[in-house]
Amino acid sequence: MEIRVDLDDPAAITDADISGMLDAVEGFPAQVREALSIGRGSMELPAPEGVRMVAVLGMGGSGMSGDVVAALSGEACLGIPVVTVKGYDVPAYIDQECLVFAVSYSGNTEETLEGVRQVLERGSKVVAVTSGGTLSDIAAENGMPVFAVPGGFQPRASLAYLFVPILCALERVGLARDVMTRLEAAADMLDERNVEYGRASDLDSNPTKRLAKDLVGYVPVVYGSEGPVSVAALRWKAQFNENAKVAAFHNSFPELNHNETVGWRNPPDACSRFHLIVLRDREEHPRIEKRIGITVDLLEESVGHITQVYARGSNSVEKLLDLIYFGDFTSVYLALALGEDPTPVERIQRLKDRLAE
Ligand code: PA5
C-alpha cells in the first residue's frame, strides 16, 4: 500500500492533519495539568461514608476514563472495587452504597443518560463529568456535583479531562491516595515523550512514526497483560479504529493463551495480514513474561509482523500513560500515512443520527 504522507516531513504532516488531531495529542501533558486543576476544584463532593464500590458509567472515549481509573485502582484506591458500566442496564449491585461517576463528553450519550436515571432512582451518590448536554441538565435538576470540562474536542482527545477529575475526587474524599502527585510527575514525563514522539522528531529517532509506517497495509492486533497494560491495549485498538479508520483488535494475557493463540492458523493468507503488537511491562508477572516469550515464538510464522513495545515509567500511572501516549501518536501517524483525516468519526455520528430518528 502506498504511504500518502512523508512522516519525516513535519510540514507535510501538519498539512495532512487538516482537523488538528496531532495538536490535541501533543497537548496531552498540558491537558493532564489542566484536568488536575479541574479535579482539585473547590466543588463539594459526596461523603465517602458507606461507599463500598465506585462505578464509572460511560461509552467509547468517555468509557475509557472508567477503564483507566479501574486499572489504576488496585494500586491507588483504598480497598474499594471500581467497575465500569458500558451499556443501558446498570447492574443491581450498583445501589445507594455506590459512588457513581457518569462520564459523557458530549453529555448526550443515551446509554449513559439511561444509566444515570437508574442510579439516581436507586439513591446512588452521583457525580457527572461532562462538557455540557443533557447530562449537565440532569445534574443541575438533581443537585449532582459536575466536573465541567472544556468542550470542542473529540471525546477520545479529552481522555485526561475525563479520568483525572475522577481520580482527584477519589483522593479528595479519602478513597484513593497519591494519585495527584503521581499525575503531576506523569505530566512531566509526557513532556519528554512529546519531544520524542512529536511531529518534529524524525523517523529514525521516533518509534511511533516507525511503527505507523510498518502498520500500513496490516490489521493491528494489540495484546497486553491483565491490568493497566490491557487497558492500554484497548485504547490502542480504539485509537486505531477511530483515528486511522482501520479494523483493529485487542486481547489480554493470560486469557488469550487459552483460546485465541490456537486460532492464528486459518485462513493463512488472512493471518499474514495482521501485525501483532505486544505491550509489555518490565515488571510483569514472571509467568506472564514466560507466556509472552512462548506466544511470540509460536505465532511468529503465522502473523505478518510482531512488534513489542515496553512501558517506561516508575509507577503504574506513568507506565499506563506512557503506553497510551505511544499508541495515540502511532494511530495519528498511521491515519496520515493512509491518507485519512484522523479527527472525524463520521460513522459514529451517522449511527447516532439514525438512532435519533
Ligand atoms: O470517540 C467517540 O466519539 C465515541 O467513542 C464517543 O466517546 C462515544 O460515542 C460516547 O460519546 P460521549 O463521549 O460524548 O459520551
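No hydrogens, no waters, no symmetry mates; every other heavy atom, side chains included, goes into these values. When a ligand or atom number is given, it counts from 1 through the structure's own listing order.
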In terms of atom number and element, which parts of ligand 1 are under 4.0 angstrom from non-hydrogen atoms of [X]?
X: S62; result: 7 (O), 12 (P), 13 (O), 15 (O)
X: K352; result: 8 (C), 9 (O), 10 (C), 11 (O)
X: T109; result: 10 (C), 11 (O), 12 (P), 14 (O), 15 (O)
X: M59; result: 7 (O), 8 (C), 10 (C)
X: G60; result: 5 (O), 7 (O)
X: S104; result: 12 (P), 14 (O), 15 (O)

Worksheet entry | hydrophobic_cluster_shared for V173 and L36, side chain cutoff 4.5 Å | yes

Worksheet, complete the sentence: In short, ring pair (Phe, Tyr, Trp, His ring centres under 6.0 Å) pairs touching residues 70-105 with sequence neighbours left out are none

Fill in: Any N or O of G61 closer than 3.5 Å to N or O of ligand 1
yes

Item to complete: Can you pull out the closest protein heavy atom to atom 1 (O) of ligand 1? Residue, atom name and distance to 0.1 Å, please.
Response: E242 OE1, 2.4 Å

Fill in: Taking atom 14 (O) of ligand 1 as the reference point, the nearest protein heavy atom with its distance
S106 OG, 2.6 Å

Worksheet item: Where do V219 and V246 land on the side chain to side chain contact (heavy atoms under 4.5 Å, CB included) test, with the steps shown first?
Response: CA-CA 7 Å; V219 178; V246 292; over 6 Å; no

Fill in: Electrostatic pair D188:R33 at N-O distance under 4.0 angstrom
yes

Worksheet item: Quick one: do R235 and D67 make a salt bridge, cutoff under 4.0 Å?
Response: no

Worksheet item: Per the side chain to side chain donor-acceptor pair (under 3.5 Å) rule, which among E260, R280, H250 passes with Y223?
Response: E260

Practice prompt. Take the angle between the ring planes of Y197 and F329 and call it parallel below 30°, perpendicular above 60°, tilted in between.
Written response: perpendicular

